[in-house]
There are 2 protein chains.
Amino acid sequence: MTLKELAAKLGVSTATVSNAFNRPDQLSPLLRERILNEAKQLGYRGPDAKARSLRTGRSRIIAVILAESLTYSLNDAVASELLSGIAEVLDAHGHTMLLLSGRKNASQVPGSSSIADGFIVYGLMPSLMLLDDLPLPNQRPLVAVDFSLEGYPAVHIDNEPAGYAIANHALKTSSRRPGIINLRLTKHPCNDRVAPDQELLPADRTITRSRLTGFHRALDEHGIDPASVPMWNIEENTHDVCAPVIASILDLPDDERPDLLLCMSDRIALTALTLAEQRGLRVPEDLRLTGFDGIAEGQYRSPRLTTMRQDSVEKGRVAARMILGLEPPRAQLLHTELVVGDSCP
Amino acid sequence: MTLKELAAKLGVSTATVSNAFNRPDQLSPLLRERILNEAKQLGYRGPDAKARSLRTGRSRIIAVILAESLTYSLNDAVASELLSGIAEVLDAHGHTMLLLSGRKNASQVPGSSSIADGFIVYGLMPSLMLLDDLPLPNQRPLVAVDFSLEGYPAVHIDNEPAGYAIANHALKTSSRRPGIINLRLTKHPCNDRVAPDQELLPADRTITRSRLTGFHRALDEHGIDPASVPMWNIEENTHDVCAPVIASILDLPDDERPDLLLCMSDRIALTALTLAEQRGLRVPEDLRLTGFDGIAEGQYRSPRLTTMRQDSVEKGRVAARMILGLEPPRAQLLHTELVVGDSCP
DNA sequence: CTGTTAGCGCGTTCAT
DNA sequence: ATGAACGCGCTAACAG
């Protein structure tokens, strides 16, 4: 059943039926009523989305491009919260969300995304690969989240001050052997200890670099040479990838094992917490731990995680509002908040 | 830049350009090469998705309709895993995923979903409300997940045997006061103790009803009258909604407080675990707990949760394969597995 | 191998 | 207030 068929059956023109659905003021209420009723009766669900989007140029679909695989992103608390925030705003304004992965995929049909009215890009890596094939990147709105893209609005959090704040808090209690567990920080993939001469990604390639800068500033202020603090790196923010690296840290001899671990994410810190408990290490007595993100899982357990809370949901809301033109497309910086839990009082 | 313009600039017909992108065997490799090169040069990204989908009738987009709000679903481990599984298969076959909420929303434009090639519907409630406005429900494939829909294929888990299995395991150690915490089981919303005469939803309206039947069968076999076992109900599977109900249970006097809680989800059990720890109740010595789902959060902590693991990711994969026609659209029953953790050895 | 043509279903002028 | 006609950008069928 198409609009045209419906018009024929009703003995009116297609324009009138179209107007009945889209521009109520263009026809008599009575006729409109009759058309809508008859439409429902005959099983006509309203204008076809494909034809309408071709005609109008808009689809009411916003594409969200995620750096990591969808499989990973959907199971990551921070990414999920971001998506929640985006979904909330889109939903409230009659839009829907198309999920795309930034990973290059053999069978990927990049063109298929040209259906979207706008793009929210989350996380850096894919964007560089993708922006080239992104359909009309400069004709449709695009908002970057958690990284910067020349010429486009972006939503960020205050990574350096946040890193400083939590490290500063942790160091107020003196630590004999602090350690740092990074996330996607090294130029070359590395799930291991970071060698002193290992090349790191610049701040515009990974958010954790700025956090590390903040850590280092705090260490400096507390009279600790950052270069003397051992660092590890983890490539993926999942329990299974974190566990072996953290196990290797916790299994160091007592006089080498850090007594304070500054972690770049709550997932890392939670993994450390679990493994520490399994080894009979007491947190925070034997080992103090800090995370980053403020995910629910870290707060709904004991000991509660000490962390920097970032409002990922709000980050999503802001990005969505910008895409929909509900707020001016400018660079936005969201603030984080120190949450003092039990893992590092 | 459109296909037609490109064709004009190159002095070939539109059909040839179209073939260059869609049917390489329909033109000489040399010409194809020239066309693709020139296209890239001129900034033509390939056929427009909107026009193509109008023409071909297919969009390579699959809509996933979630019972709960997107905000909730994206933060629920089970729903997220389902989405992961769906995404994995869709991605591998060049499709993308459009997320829709089943909740009626004032500003919802149901027609906008007529763009999808197929629908995966997760969870019952929305479907009844939605199927009416769903565009051409009987023309496009639809797969139901975790509930049955007359005339459509569905993916299920073996709820009754699973409920029996875990209750049976728990009851092998004798319990003086078992209790059951349900999820969305009562006909009328209820976050509280369930009165004996309270009306429950039938098995085709909530998955937990079958699990409860399994629980009851096990209780029977162990000589306990199911009617004597107190039940509570929770409306939403989140910490914040669970906490007050569970607190009220744990704060019962010692001689009324259950020593075994059979929970309908891991989220419920984890909340109980946290609150028990806060109250100094030892698990499993003072209180034994079982969950359901087998989410990661329940396993990556100590004590590990005793639970029934369901493979939600696989559930998503199966549903996606059916939608794509990669496997016959029939009723599928996935099996669950007892995971004996520390919360109920 | 390449070109011509006819819509896919709809929204929007411009008439009346 | 209503209708006729055009074309959004593309692909399938056919003709050459």
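Letters A, B, ... are given to chains in the order of the sequence lines, protein chains preceding strands, and every chain is numbered from 1. Just so it is clear, the values below take in all heavy atoms, side chains as well, and ignore hydrogens, waters and symmetry mates. Quantities reported herein were computed from a predicted structural model and do not represent experimental measurements.
Glu5(A) has its CD atom 14 Å from the C1' atom of dG7(C), to the nearest Å. For the pair Phe21(B) CZ and dA12(D) P, the computed distance is 15 Å after rounding to whole Å. As rounded to whole Å, 14 Å separates atom C1' of dT2(D) from atom CG of Leu10(A). Straight-line distance from the CD atom of Gln26(B) to the P atom of dA12(D): 10 Å, rounded to whole Å. Look at CZ on Arg58(A): it is 14 Å from C1' on dC8(D), rounded to the nearest Å. Regarding Leu27(A), its CG atom lies at a distance of 10 Å from the P atom of dG3(D), rounded to whole Å.
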**Message:** So if I define the base as every atom that isn't primed, P, OP1 or OP2, how would nucleotides 9-15 of chain C read as a B/S/- string at a heavy-atom cutoff under 4.0 Å?
**Reply:** BBBB---
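Using a cut-off of 4.0 Å between Lys/Arg side-chain N and Asp/Glu carboxylate O, Glu68(B) and Arg184(B) are scored as salt-bridged. Taking 4.0 Å as the cut-off between side-chain N and carboxylate O, Lys9(A) and Glu38(A) do not count as a salt-bridged pair. Of the charged side-chain nitrogens involved, at least one lies within less than 4.0 Å of a carboxylate oxygen, so that Arg321(A) and Glu314(A) count as a salt-bridged pair.
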**Message:** Determine whether Lys315(B) and Asp146(B) satisfy the following criterion, salt bridge (Lys or Arg N to Asp or Glu O under 4.0 Å), listing intermediate values before the conclusion.
**Reply:** CA-CA 9 Å; Lys315(B) 215 158 55 176; Asp146(B) 271 0; 3.0 Å; yes
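Within the structure, a side-chain polar atom (N or O) of Thr16(B) is placed less than 4.0 Å from OP1 or OP2 of dG3(C).
Listed nucleotides dT2(C), dT2(D), dG3(D) differ in distance to Val12(A); the shortest reach to its side chain belongs to dG3(D).
For the residue pair Arg52(A) and Asn22(A), a side-chain donor N or O sits within less than 3.5 Å of a side-chain acceptor on the partner.
Side-chain contact between Leu98(B) and Ile62(B) is absent, with no heavy-atom pair separated by less than 4.5 Å.
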